[in-house]
Peer 1: 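Let me begin by handing over the structure; questions about it come next.
The figures that follow rest on heavy atoms only: side chains count, while hydrogens, waters and symmetry mates do not. Positions are given from 1, in the same order as the sequence printed here.
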Amino acid sequence: MKILISENIRNMRKQRGMMQEQLAEALGVSVAAVSKWERGAAMPDLSYIAEMADLFGVSLDALVGYRVQNGACGALEARIHTMQKQKRFDEGAVEAEKALTRYPNDFRLVYRCGTLYRLKGIEGTDPRDLERAIELLNHAVPLLPQNTDPEISEFSIQSEIAECWIALGKKERGLALLKQYNAGGVHNALIGLTYATSESCRPEEAVPYLTKAFGDCINALIRTMTGYTNYYGRIGDDASTLDACLWMIRFLESIRLREEDTSFVDKLNAACYAECARLSEVLGRPEDAEPYLRKALAVARRFDAAPRYNLGNIRFCLGEDQKATVYDDIGATAMGAVEDQMRQSNWSDSLRSVWQKLAEEAEMQPPVEAKNQPPVGAVSPDGCLSQLCP
């Protein structure tokens with residue numbers, strides 16, 4: 001095994017915002033002694049190691065930083081993980097308890113066993129499984145300095161513990177944890193669901209959390225599908241790029257609440273329809289290009305006549321959160337977004353000519369009736385395709 005105490009002392013001290021002088025003062029030693037410990041030039045006495053573990057709120061194993069080199073612990077963790085994935089929960093629990101007897105303070109193993117018991121308890125009927133999961137997951141938190149998986153953190157572990165409390169029927173305790181560790185609104189959906197399904201809670205308490213969670217879903221889907229269109233475009237798969245664009249259009253149209261009013265989705269869809277026109281031509285279907293351009297023009301002009309940069313015309317968005325502002329980086333207007341798309345995508349001369357002709361014809365038509373009042377203030381690019389802000 002390898003001992004990592006010097007770097008652990010340094011890292012844990014910095015994580016807690018302590019200077020070497022402060023740690024030295026807390027332990028009653030010199031700054032030079034702390035410096036030697038952190039450089040690996042000297043080893044602290046056992047009494048100081050125990051005192052630092054208590055000061056940092058971690059176990060002795062976590063501070064010392066044992067790393068098993070023979071792989072035995074990793075093999076046990078992998079075996080238990082396999083049983084978990086295969087839903088062989090009873091067998092997994094037996095293996096977990098045997099493994100924990102041998103390695104009670106190995107983060108990988110403790111966390112894996114806690115996760116297995118959490119899933120066993122959620123899918124089963126025995127509350128003791130959930131209670132065991134809470135015990136193990138709480139024990140995993142002070143062992144986190146051993147963790148090497150960037151997707152696991154105190155926030156993620158506390159959310160798993162909260163799920164266990166909720167599954168045990170102790171929803172207030174679970175909600176308190178979820179709210180405490182709700183960085184970036186990551187738990188809004190679960191908090192909203194818990195409020196909506198709990199007889200002890202008022203249903204209206206769910207509304208702000210559900211609305212924010214739905215807004216985050218919209219934002220994530222827009223970014224995801226934009227990522228797909230760019231990915232497929234870069235590898236030359238134009239058919240899949242077109243499919244991704246059309247999927248995003250269908251999704252954005254599905255969340256519009258009232259057809260007769262504009263929505264921020266119109267601006268995004270105008271750019272998507274324009275890209276569909278270009279892709280149709282590239283794929284040898286020029287007859288499809290003009291209908292897409294007509295749609296892009298109609299949607300863009302309609303939006304620009306009555307721009308809406310909030311969630312007021314989006315399904316499932318309720319209460320004050322309807323006023324949340326949507327920011328984007330695709331241009332100041334929908335027509336500008338289409339024309340930027342034209343420049344960036346290197347449209348053919350024939351496609352540019354069709355667009356120019358359609359735009360000139362549209363100018364001869366009566367102005368589009370505005371259904372919404374223009375928003376107060378300008379819309380600033382935010383370095384992202386869309387971003388919802390209260």
Side-chain angles (χ1 to χ4, degrees), residues 221-253 256 259 262-309 326-372 374 378-386:
L221 273 169
I222 290 172
R223 288 179 169 178
T224 300
M225 297 314 297
T226 303
Y228 272 123
T229 59
N230 282 274
Y231 164 74
Y232 286 126
R234 291 185 65 184
I235 66 171
D237 187 348
D238 296 316
S240 294
T241 307
L242 178 59
D243 188 39
C245 283
L246 292 172
W247 191 96
M248 183 151 70
I249 290 170
R250 289 193 295 271
F251 165 72
L252 292 173
E253 284 298 327
R256 181 200 298 277
E259 181 61 33
T262 57
S263 166
F264 79 89
V265 304
D266 294 323
K267 185 178 180 183
L268 301 175
N269 274 346
C272 286
Y273 278 121
E275 181 65 4
C276 289
R278 185 191 71 83
L279 290 165
S280 295
E281 186 180 59
V282 170
L283 290 167
R285 301 198 293 267
E287 67 279 3
D288 293 338
E290 184 170 334
Y292 282 132
L293 287 181
R294 287 186 182 276
K295 188 66 176 176
L297 182 63
V299 170
R301 293 185 75 236
R302 182 170 178 253
F303 177 83
D304 288 343
R308 183 193 290 267
Y309 289 103
V326 180
Y327 298 84
D328 65 65
D329 61 355
I330 61 173
T333 65
M335 285 293 287
V338 173
E339 288 164 1
D340 283 346
Q341 187 77 23
M342 183 192 312
R343 286 189 292 272
Q344 294 170 10
S345 300
N346 297 318
W347 282 14
S348 67
D349 291 340
S350 60
L351 206 59
R352 290 172 185 271
S353 297
V354 173
W355 173 256
Q356 187 64 36
K357 182 191 73 171
L358 294 175
E360 290 172 357
E361 290 176 356
E363 288 297 322
M364 304 297 293
Q365 302 298 320
V368 179
E369 182 181 356
K371 295 286 186 181
N372 308 312
V379 179
S380 302
D382 200 33
C384 56
L385 183 64
S386 70

Peer 1: Nearest heavy-atom pair of Lys267 and Tyr309: which atoms, and what distance?
Peer 2: NZ-OH, 3.3 Å
Peer 1: Test your reading of the model: is there a side-chain donor-acceptor pair from Asp266 to the backbone of Ser263, 3.5 Å cut-off?
Peer 2: yes
Peer 1: Is there a donor-acceptor contact under 3.5 Å from the side chain of Arg256 to the main chain of Val265?
Peer 2: no
Peer 1: Looking at Ala274 and Gln341, what are the two nearest heavy atoms and their distance?
Peer 2: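 Scanning both residues, the minimum pair turns out to be CB-CG, 4.4 Å.
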Peer 1: Run the side-chain contact (heavy atoms from CB on, under 4.5 Å) test on Val338 and Leu297 for me, step by step, so that the C-alpha distance in whole Å, both residues' side-chain angles and the decisive distance to 0.1 Å come before the verdict.
Peer 2: CA-CA 8 Å; Val338 173; Leu297 182 63; over 6 Å; no
Peer 1: Distance from Thr333 atom OG1 to Asp304 atom CG, nearest 0.5 Å?
Peer 2: 4.5 Å
Peer 1: If you look at every heavy atom in Met248 and Cys272, which pair is closest and at what distance?
Peer 2: CE-SG, 3.4 Å
Peer 1: Let's go through Glu275 and Arg278 carefully: what are the C-alpha distance in whole Å and the side-chain angles of both, what is the deciding distance for side-chain contact (heavy atoms from CB on, under 4.5 Å) to 0.1 Å, and is it a yes or a no?
Peer 2: CA-CA 5 Å; Glu275 181 65 4; Arg278 185 191 71 83; 2.7 Å; yes
Peer 1: Taking only Lys NZ, Arg NE, NH1 and NH2, and the carboxylate oxygens of Asp or Glu, determine whether Arg294 and Glu290 approach each other closer than 4.0 Å.
Peer 2: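 Looking at Glu290 together with Arg294, the answer is yes, because their closest N to O distance falls below 4.0 Å.
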Peer 1: Quick one: pull up CG in Leu358 and NZ in Lys295 and give me the separation to the nearest 0.5 Å.
Peer 2: 14.0 Å
Peer 1: What are the two closest heavy atoms between Ala289 and Ser280, and how far apart are they?
Peer 2: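 Distance-wise, the nearest heavy atoms are N-CB, 4.1 Å.
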Peer 1: Would you indicate whether the side-chain heavy atoms of Tyr231 and Asp237 approach each other to under 4.5 Å?
Peer 2: no
Peer 1: Roughly how far, to the nearest 0.5 Å, is CD of Glu281 from OH of Tyr292?
Peer 2: 13.5 Å
Peer 1: Would you compute the distance between atom OG1 of Thr229 and atom CG of Leu242 and round it to the nearest 0.5 angstrom?
Peer 2: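 Reported to 0.5 Å precision, the distance equals 11.0 Å.
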Peer 1: What do the steps show when you test Leu221 against Trp247 for side-chain contact (heavy atoms from CB on, under 4.5 Å), and what is the final call?
Peer 2: CA-CA 11 Å; Leu221 273 169; Trp247 191 96; 4.0 Å; yes
Peer 1: Working to the nearest 0.5 Å, report the span between OG1 of Thr226 and CG of Leu268.
Peer 2: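 If I round to the nearest 0.5 Å, the distance is 7.5 Å.
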Peer 1: Before accepting this row, confirm whether a basic side-chain N of the pair Lys357/Glu360 lies closer than 4.0 Å to the acidic partner's carboxylate O.
Peer 2: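 Salt bridge: no.
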Peer 1: Is there side-chain contact between Cys276 and Ile249, with at least one heavy-atom pair below 4.5 Å?
Peer 2: yes
Peer 1: Please round to the nearest 0.5 Å and tell me the distance separating atom CE of Met342 and atom CH2 of Trp355.
Peer 2: 6.0 Å
Peer 1: When you look at CZ of Arg234, are more than 12 heavy atoms from neighbouring residues, nucleotides or ligands closer to it than 6.0 Å?
Peer 2: no
Peer 1: Could you tell me whether Tyr228 atom OH has more than 12 heavy atoms of other residues or ligands within 6.0 Å of it?
Peer 2: no
Peer 1: Taking all non-hydrogen atoms of both residues, which atom of Arg301 and which atom of Ala362 are closest, and how far apart?
Peer 2: NH2-O, 3.4 Å
Peer 1: So, for Tyr273 and Ala296, which heavy atoms are closest and what is the spacing to 0.1 Å?
Peer 2: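 Scanning both residues, the minimum pair turns out to be CB-CB, 3.7 Å.
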